[in-house]
Amino acid sequence: MLDLRGIRHHFNGHLAVDGLSLHVERGSCFGLLGPNGAGKTTSIRIGVGLLKPDEGSVSVDGRGAPTDPEVRRLIGLAPQSLAIYDDLSARENLLFFANLYGLSRGDGAHRADELLERVGLTERARDRVSGFSGGMQRRLNLAVALVHKPMLLLLDEPTVGVDPQSRNAIFDLVREIKGEGVTIVYTTHYMEEAQKLCDVVAIVDRGRTMAVDSVAALVAQHGGDSVVRVTSGEGVREVSTDTPMPELQKAMQDTTTTAIEIKPPDLERVFLNLTGRSLRD
Amino acid sequence: MHPVLAIAKKDMAQLFRDRVGFFFVFIFPIGFGVLFGVIFSGASDGPSNVRLVIADLDNSPASEALIGLLEDDPKISVTLDADRDAAFDMVRTGEQAGALLIPEGFGDDLESMFFGEGAELVVSFDPGKNLESGVLRGMIQAAAYQTMFGAFQGGASSQRMLDRARESLAESEDLNFAERAVISTFLSSADSMLSLREQDDSEDGATGDGTGGFQPITITDDSPATGSDDDPDAPKKASPDTAFEITFPQAVAWGLMSCVLGFGLGVVGERTRGTLTRLRLAPIAPWQIIAGKALACFLTCLGVQVLIMSLGVGVFGVRPDSWGILIAGILCACIAFVGLGMLLASLGKTETGSEGLSRAVLLILALVGGAGVPLAIMPGWVQQAASISPFKWVIQVLDGALWRQATFGEVIAPCAVLIGIGVVGFLIGALLFQRSSD
Ligand SMILES: Nc1ncnc2c1ncn2[C@@H]1O[C@H](COP(=O)(O)OP(=O)(O)O)[C@@H](O)[C@H]1O
Ligand SMILES: [Mg+2]
C-alpha cells in the first residue's frame, strides 16, 4: 500500500532520514517506533508527498508518487502537530475539509456527523475548537483525516498530550478503522501502543530502520531473555535468563523473599538491544 | 462549493469571528472617520496651524498691517524672514506650506492703486498641500483687501490717497472719457465707504473678480513646479462638502490596513498551526489555496470600503463628485492591498514575527501615506516619501472622487500605481509562499 525506498533527507546539513525503506502491506497496521528525533515525522511527510526527499522514491498503492492529487486522495493524515482551525467549530472543520475533498454538501454533512459520533464529539460539534481539551482536539484531528474515507491512514503520534480516556477512545477507533480494511501507519515512541495495535513494527533510530517484523518476531529475535527480579532480605536481585524456573524455585525457597517478578522481553528491550539506548530518554 | 470559494469563505469566517480583528477592520476605521470628521468640522472647515513664511521687503505701515492681520489668524502660524529667496526655499523644501513676499513699494502702490499698476504680492505654495494652499490663498487675499480697505479707514492716510488719486486722474492724459467717469464714480464710492468703516473679511468679497480686469492687488503665484502627476491645485476651487469627505478616505485606509494585517496573519497562521499541511494534502492545486486567500482578502477589502463609504454617503453627508472614480478607486485599492497582503504574509515565518513586521510596515506606510494626518499638512519630505505608500494613492483617488473633482485622466496614474503594487506584490508573495512551503 505504501512503499518508501532508500529515502534520504537532510535539513540544513543535518541528516534526518538516512536511507530508510518501508513496505506497508495493504490492510495492515504498520508501526514506526522510535524515540523523539528518530525521523518518524520526516518519513511520514515524505510518504504523503509534503516533503520531497533528497534521495529515494515513494509509491502509494502502486500508483506512483503522492505528488499526484489523485494519489493524494487515497491518503489521510493526522499530523503530529494538530492541524485544525481552532476558531471554527468541530463540525465546521470537518465540513471545510470535506468540501476540499470534493464531497457534496449533503455527503459532507452526513460524513461530518458520522465522524463526530465516532470520536465522541457529537455533543460539542458546534463549539469552537479553541475551547476543547487536548484529547478532544486530538480526536478531531484524527476525524478530519478520515473525512474523505482514505484507503491509507497515517497517524503521527496520535496520543501525544492526551488523557487516558481519549487515548483508549483513539485505540478503539484505530482498531475499528483497521477492521474496515484501511491500511494504517502509526508512529509512536510508546512501545505499548505499537505492541497493542500494530501487526508489523519498524524500529527506527537516527533516520534508519533497525529492524522490521511482527512484534512477536522482533521480541523473539532481539528481545533477549526474560528477567527475574527478586526482592528478599539480601536486597533486589535481577537475573536475565531464558529458563526462569530454577531461579523462581530458588527464590521461593528463600524465606526472606517478599516479591518475585518475571519480565518477559518486550519492544523496549528490543530497542535497547538494537541501539544500546533506551526508548524514553 | 469550489475549493477557492470554500477557502475564501472559511478565511472570512475566521476574520469575522476574531473580535480583535473585526474591531480593527470595521469598528476602528469608522470610529476614526467619524471622530476626526467631527473634530475637523467643529474646529473650522480646514486645516489649522498652517505654516506661512513672510518676507517683508516693504516695511511700510501697510505691509505691517497685512502681516498683523495674518498673524492674528488662528489658522496660520507666521514666521518672518527678511530674505526672499530663503523664504521661497522653505516652501520648496516643504518646511513651510506657503511663502508671501511683500515687495518693496507695496504700501505706496496700495495708496496709488487706482491710477498706478496696483499693488503686487508674490506667493508660493507647496504644490503637495492643496488644502493648505487653499486656506493660505484665501487668507492672504482677505488680509490684502482688508489692508487695502484699512487704508481707507485710516482717516488722514486714506484721504491723502483719494486726493492723490483725483490729482492723478485730472493729470492723466491717456484715459478716455468713459474710463475717467468710471474711475470718478469709483472714487466717490470710496469716499462714502470711508464713513462706513466696515466691509471686509469675507473671502468671496475679497477676490476682486467681477471688476473686469481692474485688480488693485495682484497676487502672483510663484509656486514651485509640481510633479508630473500631481493634480493642478490652482485652477480648481475644489473643496470638501464636509470634513467627513476628508476623514472617510482615511478611514478606508485604516480599514484596508487591518484587512491586510488579518489576511497576512491568516496565511502565517495556517503555516504555524499546521493546517497548511492539510490544505496542501488535499487534492487541490497550490494556486487554489493562494487564490482562495486572495479572494477572501479582496472581498474583505471591498466590504470594508463599501461599508465605510455607504455610511459616509448615507449618514455623514459625503457626496461623491464622481461615482465612477470612487468605484474605480475602491477596486484598485482592493487589488493593491491583496498584493501587499500576499507579500507581507510570505515574509514572516512565525505568527508573532510576521505580525510585528506587518504591523510596523503597514503603520509606517499608512502614516506616511496620509491615513493619520492629511498628507497636505505634512512636511514636504514626508510627502515625497509617501509615493511608496499605496495608502497615499488610495486616498488620492478617493479624495479625487469625493471632493477634489478629479477627472478620469487624473486618476489613471494613481490607479495604475495601485494595480502595479497589487500585481507585483502578489507575484512576489505567491512565489515566496510556494517556495517556503517545501
Ligand atoms: N523542519 C525541520 N527543520 C530542521 N530540522 C528538522 C525539521 N524537521 C525535523 N528536523 C530534524 O530532523 C530530525 C528528525 O525529526 P522528526 O522527523 O521530527 O523526528 P520524530 O518525528 O521521530 O521525532 C530531528 O533531529 C529534527 O530536529
Ligand atoms: Mg514526530
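Within every chain, numbering begins at 1; the chains are lettered A, B, ... in the order of the sequence lines, protein sequences first and strands thereafter.
Of the atoms belonging to A:V144, heavy atoms from both backbone and side chain fall under 4.5 Å from chain B. In this structure, chain B has a heavy atom under 4.5 Å from the backbone of A:L82, while its side chain stays farther away. With a threshold of 4.5 angstrom between heavy atoms, A:E92 approaches chain B through side-chain atoms but not through N, CA, C or O.
Closest heavy-atom contact between A:A83 and B:G274: CB-O, 3.3 Å. A:R72 and B:L281 get closest at one heavy-atom pair: NE-O, 3.0 Å. Looking at every heavy atom in both residues, A:L88 comes nearest to B:R17 through CA-NH1, 3.6 Å.
In this structure, A:Q165 places its CD atom where only 12 or fewer heavy-atom neighbours from other residues, nucleotides or ligands lie under 6.0 Å away. Environment of CZ in A:R167: crowded, with over 12 heavy atoms of neighbouring residues, nucleotides or ligands closer than 6.0 Å. B:H2 NE2: more than 12 foreign heavy atoms inside a 6.0 Å radius. At most 12 non-hydrogen atoms from other residues, nucleotides or ligands lie less than 6.0 angstrom from CD of A:E123. In the displayed structure, A:R175 atom CZ is contacted under 6.0 Å by more than 12 heavy atoms of other residues, nucleotides or ligands.
Here the straight-line distance linking atom CZ of B:R280 with atom CG of A:L51 works out to 8.5 Å at 0.5 Å rounding. With values rounded to the nearest 0.5 angstrom, B:T275 atom OG1 is found 9.5 Å from A:I84 atom CD1. Atoms CD and CG, from B:Q14 and A:D87 in turn, are 4.0 Å apart once rounded to the nearest 0.5 Å.
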Report task. Let me see the working for A:N99 and B:K10 under side chain to side chain contact (heavy atoms under 4.5 Å, CB included), right down to the final yes or no. Result -> CA-CA 11 Å; A:N99 199 334; B:K10 188 267 303 168; over 6 Å; no
Requested in this report: Check step by step if side chain to side chain contact (heavy atoms under 4.5 Å, CB included) holds for B:T277 and A:V48.
Outcome: CA-CA 10 Å; B:T277 299; A:V48 299; over 6 Å; no
Query - side chain to side chain contact (heavy atoms under 4.5 Å, CB included) between B:L279 and A:F96, worked out - result: CA-CA 10 Å; B:L279 294 181; A:F96 172 66; 3.8 Å; yes
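Side-chain atoms of A:N141 and B:R278 include a donor-acceptor pair closer than 3.5 Å.
Using a 4.5 Å cut-off between non-hydrogen atoms, the part of residues 282-292 of chain B that approaches chain A consists of B:A282, B:P283, B:I284.
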